[in-house]
Amino acid sequence: MSKSISGFSKLSKAKKIDWIVTTYFSDSEEARKIIEQYWNTDAKVQKLHDEFIENTITNYYLPLGVAPNFLINDKLYTIPMAIEESSVVAAASKAAKFWLNRGGFKTKVYSTIKIGQVHFMFHGDFNKLRTFFNNIKPQLLKETASITKNMEARGGGILDIELRDKTSDIKGYYQLHVSFETLDAMGANFINSCLEQLAKTLQTEALNFELFSETERRIDVVMSILSNYVPECLVRAEVSCAVEDLTENDAISGEAFARKFVQAVAIAEVEPYRAVTHNKGIMNGIDAVVLATGNDFRAVEAGVHAYASRTGRYRSLTHAKLEDGRFYFWIEIPLALGTVGGLTQLHPLVKLALELLHHPTARDLMQIVAVAGLAQNFAALRSLTTTGIQKGHMKMHLMNILNQFGANEDEKQALTEYFKSHTVSHNAVSDALHILRSKT
Ligand code: MEV
């Protein structure tokens with residue numbers, strides 16, 4: 001039976017681990033060994049990780065892979081990807097190579113506007129609230145000046161503040177709907193600090209606004225927070241080529257492949273069951289780069305899926321068409337990313353990933369991430385509409401299965417060779433390993 005504990009966060013790391021291993025594990029020394037096995041041998045690096053979050057007991061590793069040969073706006077990139085799924089990096093690399101010989105990826109950022117809101121309740125005359133808001137707008141900006149000063153010096157800051165009437169949704173509900181430019185910072189802390197100051201000013205000024213009645217003076221702020229829905233922080237990535245160049249082998253003509261590919265995308269545009277899986281494949285590429293570059297993948301996921309549903313139906317994030325003998329495939333996706341602040345200056349691997357990407361600005365990174373998503377989707381659809389996904393997937397998964405069976409290096413080598421010409425499945429690997437072992 002596990003038990004509750006108070007003051008856990010105040011215990012030393014050693015004491016926390018003592019409590020965990022003795023409370024939850026039948027073999028507490030084995031559990032301790034696993035926890036300690038993942039500590040960094042450099043005490044400074046470990047301390048850094050310990051301090052990222054509360055109650056760190058160890059580190060959780062994911063592989064960091066790289067996908068080379070990405071030609072983006074005529075510049076070559078090797079893209080870092082942190083992900084556990086066997087086939088993702090291989091698929092990205094394959095797609096990069098395919099498009100390297102066909103002009104590469106073209107990208108553009110439409111805008112980088114981010115949104116934050118002060119949600120508040122006001123019970124009274126909307127016309128008076130509007131007059132009040134127009135009167136205090138300069139004051140709202142003035143009182144955030146100490147927070148926005150540095151950002152403004154670099155060309156960013158608060159772009160606009162709007163008063164929004166939301167009373168048709170909830171009685172008495174209004175918003176300050178604020179747009180921001182945060183340049184190379186993801187900007188969550190900056191935006192939230194601005195919003196909390198705006199909320200304070202709003203409430204204080206209301207107390208002194210002479211047109212308000214006693215009730216109207218009491219503006220009730222419910223919360224002040226940035227939005228992870230960033231439909232205006234939008235980037236596009238595209239590939240295109242002549243239809244006849246769309247194939248590398250004789251198994252399927254460029255024309256036939258292009259038609260099937262466009263059909264597959266069309267299905268994901270109208271069929272939510274397919275669209276979710278289609279977009280999940282895109283997120284395989286996106287999340288992996290977002291994570292490797294120290295960005296908040298939960299924020300990106302939330303924003304992207306909301307964007308995919310913006311018409312009222314969940315749809316594909318990518319689009320494809322055939323026009324005048326050319327194949328076009330593109331993605332438009334909202335991505336609020338940062339390349340300064342947060343983990344970017346702290347995590348040694350994040351710093352390394354950003355250097356590998358030639359120290360990108362946030363706008364550069366948006367384009368690289370969008371390309372990773374498009375490439376991943378291209379690779380998935382290419383397999384799905386030709387050989388089927390399992391062939392490549394299981395090939396990549398083979399090493400995981402061999403590791404599950406405790407195969408040694410010689411066995412791995414022999415069976416990797418064997419499965420070049422045989423279909424991989426859990427049973428097939430088990431049988432082949434059994435036969436191999438019985439021979440030795
Ligand atoms: C698997 O992680 C992703 C795919 O299912 C994506 C897709 O179906 O498009 C292969």
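When a ligand or atom number is given, it counts from 1 through the structure's own listing order. Just so it is clear, the model here is predicted, and its values are computed rather than measured.
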Parallel, tilted or perpendicular, as decided by the 30° and 60° cut-offs, for the rings of F378 and W99: perpendicular

Ring geometry between F419 and H422 (parallel below 30°, tilted from 30 to 60°, perpendicular above 60°): perpendicular

side-chain contact (heavy atoms from CB on, under 4.5 Å) evaluation trace for M121 with Y173: CA-CA 5 Å; M121 310 306 282; Y173 171 34; 4.2 Å; yes

Listed partners of E255 passing salt bridge (Lys or Arg N to Asp or Glu O under 4.0 Å), at least two apart: R259

For K321, all residues meeting side chain to side chain donor-acceptor pair (under 3.5 Å), sequence neighbours excluded: E323

Ring pair (Phe, Tyr, Trp, His ring centres under 6.0 Å) involving F8 - partner list, sequence neighbours excluded: W19

Neighbour list for ligand 1 [protein residues, heavy atom under 4.0 Å]: E85, R274, T277, H278, K280, G281, N284, A380, L384, I389

